[in-house]
Colleague: 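Just passing along the structure, written as structure tokens.
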Amino acid sequence: MHPAEVLASQLRPDRGWSDHLGNEFRQPYMRALAEFLAEEEQAGKVLFPASQHCFNALNSTPLDKVSVVILGQDPYHGPGQAHGLCFSVRPEVTPPPSLVNIFKEIQSDLNIEAPDHGCLQPWAEDGVLLLNSVLTVVQGQAGAHQGKGWETFTDKVIETINREREGVVFLLWGSYARKKGRHIDRNQHLVLEGPHPSPLSAYRGFFGCRHFSRANDWLRQKGQPSIDWTLPSKAELIARYQK
């Protein structure tokens, strides 16, 4: 089996994405990317997230359930952090600074207390596609898999949402995300742009952007369910996903 076929098998067929993205795995860029990833693993490099989690964002949020898209850049490169959702870490991992700032803005915007963990899996299951532009990284090497083909694939994900869905809210934080979303139809979807939530830029306008309440206001106006930005406690979360 070609590495691209192995990679394609990680995408759940019941989520609606395969109907629109399945052909990508037969394209030269994706076959080259899959071969590259296989070579990295054969060379003994540790990749994050583990291959079975690289499509967690797509597998957690079916195409017909996407109501909000948050765009990230590439996965966290520290051990145990990345699990396939942008900005999110596993429940037992300390939330990174950008995520802490996201929680601060939610508290200011919606009066929701920050959780005692940084796992955003419940958001993903509630309709928030937490999509990184690049879906894998090498341990300890930030951006190691940029420019290898993932960006083309995730552009196709955004194109699919833009074409197949109506009234989606795109949250584009930082110049990288804004460029990634430049082709979104703004007559069809709501695009909210702002500085990145990192400590270097959050005070330049991310704090006070009120993107979370604005997203919910838009969804309600469109007759769609709003997002519950509240997260369960770490203990509840661990119990839920251990079932």
Colleague: Which heavy atom of Ala202 sits nearest a heavy atom of Pro197, and at what distance?
Modeller: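 Looking at all heavy atoms of both residues, the closest pair is CB-O, 3.7 Å.
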Colleague: What's the spacing between Leu171 CG and Leu129 CG if we round to 0.5 Å?
Modeller: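 Result: 11.0 Å between the selected atoms.
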Colleague: A side-chain contact here means heavy atoms from C-beta on lying under 4.5 Å apart; do Thr61 and Glu125 qualify?
Modeller: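 Contact flag for Thr61/Glu125 side chains = no.
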Colleague: Are the side chains of Pro232 and Pro122 in contact, using a 4.5 Å heavy-atom criterion?
Modeller: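 Heavy-atom side-chain distance check passes, below 4.5 Å.
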Colleague: Which heavy atom of Arg12 sits nearest a heavy atom of Ser18, and at what distance?
Modeller: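 Shortest heavy-atom contact: O-OG, 3.8 Å.
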Colleague: Apply the test side-chain contact (heavy atoms from CB on, under 4.5 Å) to residues Leu37 and Trp150: give CA-CA distance (whole Å), side-chain angles for both, the deciding distance (0.1 Å), then the verdict.
Modeller: CA-CA 11 Å; Leu37 295 174; Trp150 277 128; 3.7 Å; yes
Colleague: Just how far is it from atom CG of Asn132 to atom SG of Cys86, taken to the nearest 0.5 Å?
Modeller: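 The SG atom of Cys86 is 5.0 Å from CG of Asn132, to the nearest 0.5 Å.
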Colleague: Identify the two heavy atoms, one from Val89 and one from Thr94, that lie closest to each other, and give their separation to 0.1 Å.
Modeller: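 Answer, listing the atom of Val89 first, then Thr94: CG2-O, 4.3 Å.
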Colleague: With a cut-off of under 6.0 Å to the ring centre and 45° to the axis, is Lys222 in cation-pi contact with Trp218?
Modeller: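 So Lys222 does make the cation-pi contact.
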Colleague: At their closest point, which heavy atom of Gly80 faces which heavy atom of Arg90, and how far apart are they?
Modeller: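 Closest approach of Gly80 to Arg90: O-CD, 3.3 Å.
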Colleague: Do Leu190 and Phe170 have side chains that approach each other closer than 4.5 Å (heavy atoms only, starting at C-beta)?
Modeller: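 In short, these two side chains do not touch, never coming nearer than 4.5 Å.
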Colleague: Please, which pairs that meet side chain to side chain donor-acceptor pair (under 3.5 Å) have at least one residue in residues 47-57, sequence neighbours excluded?
Modeller: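 Output for this query lists Asn56-Ser60, Asn56-Gln121.
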Colleague: Give me the one residue out of Lys179, Arg182, Arg186 that meets salt bridge (Lys or Arg N to Asp or Glu O under 4.0 Å) with Glu193.
Modeller: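 The passing option is Arg186.
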Colleague: When you look at His145 and Phe36, which way does the ring-ring contact (aromatic ring centres under 6.0 Å, His included) test go after all the steps?
Modeller: CA-CA 9 Å; His145 287 175; Phe36 166 76; 5.0 Å; yes
Colleague: Which value, rounded to the nearest 0.5 Å, describes the distance between Gln188 atom CD and Asn162 atom CG?
Modeller: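 Those atoms lie 7.0 Å apart.
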Colleague: Using the side-chain contact (heavy atoms from CB on, under 4.5 Å) rule, pick out the option among Leu71, Leu63, Leu21 that qualifies with Val157.
Modeller: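 Looking at Leu71, Leu63, Leu21, the match for Val157 under the side-chain contact (heavy atoms from CB on, under 4.5 Å) is Leu21.
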Colleague: Run the side-chain hydrogen bond (donor to acceptor under 3.5 Å, both in side chains) test on His117 and Glu92 for me, step by step, so that the C-alpha distance in whole Å, both residues' side-chain angles and the decisive distance to 0.1 Å come before the verdict.
Modeller: CA-CA 7 Å; His117 62 87; Glu92 64 276 7; over 6 Å; no
Colleague: How far apart are the C-alpha atoms of Val128 and Val69, what are their side-chain angles, what is the distance that settles it, and do they pass the side-chain contact (heavy atoms from CB on, under 4.5 Å) test?
Modeller: CA-CA 6 Å; Val128 182; Val69 178; over 6 Å; no
Colleague: Side chains of Val137 and Gln141, heavy atoms from C-beta outward: is any pair under 4.5 Å?
Modeller: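 SC-SC contact between Val137 and Gln141 ruled out.
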Colleague: With side-chain contact (heavy atoms from CB on, under 4.5 Å) as the criterion, how do Asp64 and Glu164 come out once you've worked through the C-alpha distance, each side chain's angles and the decisive distance to 0.1 Å?
Modeller: CA-CA 9 Å; Asp64 65 355; Glu164 300 294 328; over 6 Å; no
Colleague: According to a hydrophobic-cluster definition based on side-chain heavy atoms being under 4.5 Å apart (Ile, Leu, Val, Met, Phe, Trp, Tyr only), do Val191 and Ile70 belong together?
Modeller: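 No, Val191 does not connect to Ile70 through the hydrophobic network.
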Colleague: Before you tell me yes or no, could you show the steps for Thr160 and Trp17 under side-chain hydrogen bond (donor to acceptor under 3.5 Å, both in side chains), namely the whole-Å CA-CA distance, both residues' side-chain angles and the distance that decides it to 0.1 Å?
Modeller: CA-CA 8 Å; Thr160 299; Trp17 298 105; over 6 Å; no
Colleague: Could you tell me if the ring centre of Phe55 sits under 6.0 Å from that of Phe153?
Modeller: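 Between Phe55 and Phe153, the centre distance is under 6.0 Å.
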Colleague: Shortest non-hydrogen contact from Ser67 to Arg165?
Modeller: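 Looking at all heavy atoms of both residues, the closest pair is N-NH2, 4.4 Å.
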Colleague: Measure up the Trp123 and Phe103 rings against each other and bin them: parallel (under 30°), tilted (30 to 60°), perpendicular (over 60°).
Modeller: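 Ring orientation, 0 to 90° scale: perpendicular.
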Colleague: For the CD atom of Glu24 and the CG atom of Leu11, what is their distance to the nearest 0.5 Å?
Modeller: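 Interatomic distance, Glu24 CD to Leu11 CG, rounded to 0.5 Å: 11.5 Å.
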Colleague: Pairs in or reaching into residues 98-111: which pass side chain to side chain donor-acceptor pair (under 3.5 Å), with residues at least two apart or in two chains?
Modeller: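 Those involving residues 98-111 are Gln107-Glu113, Asp109-Arg210, Asp109-Ser213.
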Colleague: Looking only at heavy atoms, which two atoms of Pro49 and His83 are closest? And how far apart?
Modeller: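 Taking Pro49 first and His83 second, the nearest heavy atoms are CB-CA, 4.0 Å.
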Colleague: Name all pairs fulfilling the side chain to side chain donor-acceptor pair (under 3.5 Å) condition that reach into residues 70-80, sequence neighbours left out, sorted by first residue then second.
Modeller: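 Matches after skipping sequence neighbours: Asp74-Gln146.
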Colleague: From Cys119 SG over to Leu237 CG, what is the distance, rounded to the nearest 0.5 angstrom?
Modeller: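 Here the interatomic distance stands at 4.5 Å.
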Colleague: Return the OG to CG distance between Ser133 and Asp155, rounded to the nearest 0.5 Å.
Modeller: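 Answer rounded to 0.5 Å: 6.5 Å.
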Colleague: Would Thr136 and Phe48 satisfy side-chain contact (heavy atoms from CB on, under 4.5 Å), going step by step from the backbone distance to the final call?
Modeller: CA-CA 6 Å; Thr136 55; Phe48 295 139; over 6 Å; no
Colleague: Distance alone, cut at 3.5 Å: any donor-acceptor contact between the side chains of Ser201 and His196?
Modeller: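 On atom types as modelled, these side chains do not qualify, holding no pair under 3.5 Å.
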Colleague: Thr154 and Lys180: side-chain hydrogen bond (donor to acceptor under 3.5 Å, both in side chains), yes or no, with the steps?
Modeller: CA-CA 9 Å; Thr154 51; Lys180 185 82 173 168; 2.7 Å; yes
Colleague: Measuring only between side-chain heavy atoms, which start at C-beta, is Trp173 closer than 4.5 Å to Arg178?
Modeller: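 Side-chain contact under 4.5 Å: no.
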Colleague: Got a salt bridge between Arg220 and Asp217, using NZ or NE/NH1/NH2 to carboxylate O under 4.0 Å?
Modeller: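 Yes.
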Colleague: Dump the intermediate steps for side-chain hydrogen bond (donor to acceptor under 3.5 Å, both in side chains) on Glu159 and His20, then the final yes or no.
Modeller: CA-CA 10 Å; Glu159 286 175 23; His20 303 279; over 6 Å; no
